[in-house]
Number of protein chains: 2
Amino acid sequence: MVTLAEVARHAGVSASTVSYALSGKRSISAATRERVENSVRKLGYHPNAGARALASSRSNIIALMVPLRTDMYVPVMMEIAMAVATAARTHGYDILLLTGEEGAEAVRRIEGSALADAMIVMDVELDDERLPLLRAANRPAVLIGLPSDTAGLNCVDLDFAAAGAVCAEHLADLGHREIAVIGEAAAVYERHTGFAERTLTGLRERSAELGLRLLHRPCEGSYASVAATLSRVFDERPGTTAFVVQNEAATDPLLALLRQSGRAVPEDVSVVAVCPEQVAAHASVPLTSVAVPAQEMGRRAVEQVIAKIEGRGSNEEVMLLAPELTVRESAAQAPAGT
Amino acid sequence: MVTLAEVARHAGVSASTVSYALSGKRSISAATRERVENSVRKLGYHPNAGARALASSRSNIIALMVPLRTDMYVPVMMEIAMAVATAARTHGYDILLLTGEEGAEAVRRIEGSALADAMIVMDVELDDERLPLLRAANRPAVLIGLPSDTAGLNCVDLDFAAAGAVCAEHLADLGHREIAVIGEAAAVYERHTGFAERTLTGLRERSAELGLRLLHRPCEGSYASVAATLSRVFDERPGTTAFVVQNEAATDPLLALLRQSGRAVPEDVSVVAVCPEQVAAHASVPLTSVAVPAQEMGRRAVEQVIAKIEGRGSNEEVMLLAPELTVRESAAQAPAGT
DNA sequence: ATGAAAGCGCTAACAT
DNA sequence: ATGTTAGCGCTTTCAT
């Protein structure tokens, strides 16, 4: 194993010079810097992570808490995680992968052992058990998601309320007046993850302003429950001409069932989804949709957390990303004779 | 920050005693151990990761290289990654998340900096650029996947050949004689990830033994290409009564298209899939399938790599997990008048 | 069964 | 602009 001392000897300088030449924390003459860099390359030197962490009390590692529950939003979670890892590397940081399983204990462990310089926490619930610890911790933390009380916390999330509003607007522009919302499973609302409620709020407020009638129904992901929900919707509101879906698992069944029941999408019924790009793009009818900007969320979270590590950057910043509606093929002008 | 020294003082013993009491590397009287453990709890002591790594040249971190390419097998990758993280924790290890993006450079970086004690590499290609480095590295590595040359390497993977064989057997048992294989996109075969080919080999060999006629067609995941593939299959082999699908994206289109063309599953046509449980279970017709045992793969990889770290465990071990076929509703007795 | 002390490889004052 | 040196908190000989 190549050490700093060996590099120093090889370059004919002192250890600190090598250290400073590499960190750039004090000015070094071009000549010495060159010599040092040469020796580093020639010897294949890599600073020892443990030693560096011990001496500087900086590990250059960011812990990422990912929900273990593997049943929902998996591709988006993965995309965020990958975006976080990629962004972190461009700033010289590595990612430590923690599963939600350890819960609050993980926060204590990371803080106590100084394993990571900061934490990024995904899948935050409205009243998450980790929040108090995170607030108390003397390590920076950024949440991906939006708890009910954001005091003393940094958060990055999609502005789901705005997403709901955008959907309502788009359908109103197309002349629709009666809209049904196929929501997440009831369990999601009960878990109080917040995002589903926020979409609904945005949808409701904008609908009220635009004079749309709105009917909301939570829904499981199975064919059977989508079928049941659908027939109830058409029973209660036969004039429904458009759907907003926020339920990854329900979109495909929804399209299939509409087709089966003789309703063409988008000629007879329009569908707008709030879901990952992939799901929207690969559906049997490519879906006009608002996507979760996973990449950007990951990148922003990293930037925010690094800013905090390095002493720049306010704490208690809530960054809500503006939704973007992508027009595909599932939403069109409302049919005439309604 | 609580240090070992503080714990020692609080417990009225020396630093080394605390260290040994915690590591169990030499015998400690029950009384002292008790006192130490009490102090640890009372003070909320967590060993400093950097210091420990420096002194012991063990980081208790395993690096996990996950493919960045987020377009395929995402849920399975995620499931494996989570299983790896969970299993690692039960053995006192943490996971460092590396994206495939860095490629071979990541291997050098980890080895040079001693950031991790070992590596687990996912999504290995037949002739992966990282293999030479991994073989040369003096850190243990375990691959999830099976390259063409496994010399000097530890691998964990599903036995895809056996999976193919199991599918052939199941369909033969049900009286099918003409079988079509809907495979992965041609690009997958060209990328030489190997698993698709291995399934096919197993399928072919067992089919030959059982007297089945087999037709293989690679296929993109879109509705259009599944439709095209399907009509070609029925053109060439009108007597086809069963399908084996190995293409996550194609399964739903396949079922939809069969239904549309008036062929009931499983009454008229049987379908057996090689795909993740979730996909199989949530398809419009629950699929009889062979799943990728993601959890087990993750766990085995961790166990194997830790065995190597700790000096037990042979290197050059290839562990092929036996496939298990789960009978659901998509495969039944072949129709009579064929 | 326990202590004392020498590093592990690096960073960051403190020199000059 | 560069060198000297004192730790960072732990593990692990070497003593006893």
Side-chain angles (χ1 to χ4, degrees), chain A residues 1-37 39-40 43-61 92 109-117 309-311, chain B residues 1-37 39-40 43-61 92 109-115 117 309-310:
Chain A
M1 193 205 179
V2 188
T3 71
L4 219 191
E6 302 182 58
V7 175
R9 199 174 322 125
H10 185 274
V13 296
S14 76
S16 63
T17 299
V18 176
S19 176
Y20 286 120
L22 293 176
S23 70
K25 289 191 182 175
R26 77 181 186 192
S27 40
I28 297 283
S29 76
T32 17
R33 152 165 294 127
E34 186 108 344
R35 291 232 308 296
V36 170
E37 277 164 2
S39 303
V40 165
L43 302 180
Y45 168 73
H46 285 265
N48 178 288
R52 175 177 282 201
L54 178 57
S56 66
S57 34
R58 282 283 192 82
S59 63
N60 277 285
I61 290 178
R109 195 166 62 83
I110 295 308
E111 159 136 43
S113 65
L115 229 180
D117 299 333
I309 292 174
E310 297 179 351
Chain B
M1 194 203 176
V2 188
T3 71
L4 217 193
E6 303 182 58
V7 174
R9 201 173 321 126
H10 184 273
V13 296
S14 76
S16 62
T17 299
V18 176
S19 177
Y20 284 120
L22 294 177
S23 71
K25 289 192 181 173
R26 79 181 184 191
S27 40
I28 298 282
S29 75
T32 339
R33 154 165 293 126
E34 187 108 343
R35 291 233 308 296
V36 169
E37 279 166 1
S39 303
V40 165
L43 301 180
Y45 169 73
H46 284 265
N48 179 289
R52 175 178 284 204
L54 177 57
S56 67
S57 35
R58 283 282 192 82
S59 64
N60 277 285
I61 290 177
R109 194 166 64 82
I110 295 307
E111 160 136 44
S113 65
L115 229 180
D117 299 332
I309 291 174
E310 297 178 352

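Chain letters run A, B, ... following the sequence lines, proteins first and then strands; every chain starts at 1. In what follows, every heavy atom counts, from backbone to side chain, and hydrogens, waters and symmetry copies are set aside.
Within the 4.0 Å cut-off from OP1 or OP2 of dA4(C), not a single side-chain nitrogen or oxygen of Ser14(B) is found. The side chain of Ser29(A) places no N or O atom within less than 4.0 Å of a non-bridging phosphate oxygen (OP1 or OP2) of dA1(D).
Side chain of Arg35(A) to main chain of Ala11(A): a donor-acceptor pair is present (N/O by atom type, distance under 3.5 Å, no hydrogens or angles). In terms of modelled atom types and a separation under 3.5 Å, the side chain of Ser59(B) and the main chain of Leu115(B) share a donor-acceptor contact.
With a 4.5 Å cut-off on side-chain heavy atoms, Val18(B) and Val13(B) count as touching.
Annotation: the terminal axes of the helix from dA1(C)-dT16(D) to dT16(C)-dA1(D) meet at 30°, where each axis is the rotation carrying the C1' atoms of four end pairs onto the next four (5 pairs per end, rounded to 10°).
Residues Ser19(A) and Ser16(A) have side chains that never bring a donor and an acceptor to within less than 3.5 angstrom of each other.
Atoms CD and CG, on Glu6(B) and Leu43(B) in that order, are 7.0 Å from each other to the nearest 0.5 Å. Between the CD atom in Glu37(B) and the CD1 atom in Ile28(B) there is a gap of 10.5 Å [rounded to 0.5 Å].
Counting non-hydrogen atoms under 4.0 angstrom, Thr32(B) reaches the backbone sugars and phosphates but no base.
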Determine, for nucleotides 9-16 of chain C in 5'-to-3' order, which nucleotides have protein heavy atoms under 4.0 Å from the base (write B), from only the sugar-phosphate (write S), or from neither (write -).
-> BBBBBB--
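Shown here for His46(B) and Arg109(A), the closest heavy-atom pair between the two residues is CE1-CA, 3.8 Å. Looking at every heavy atom in both residues, Tyr45(A) comes nearest to Leu22(A) through CE2-CD1, 3.7 Å.
Nucleotide dA1(D) holds its P atom 15 Å from the CZ atom of Arg35(A), rounded to whole Å.
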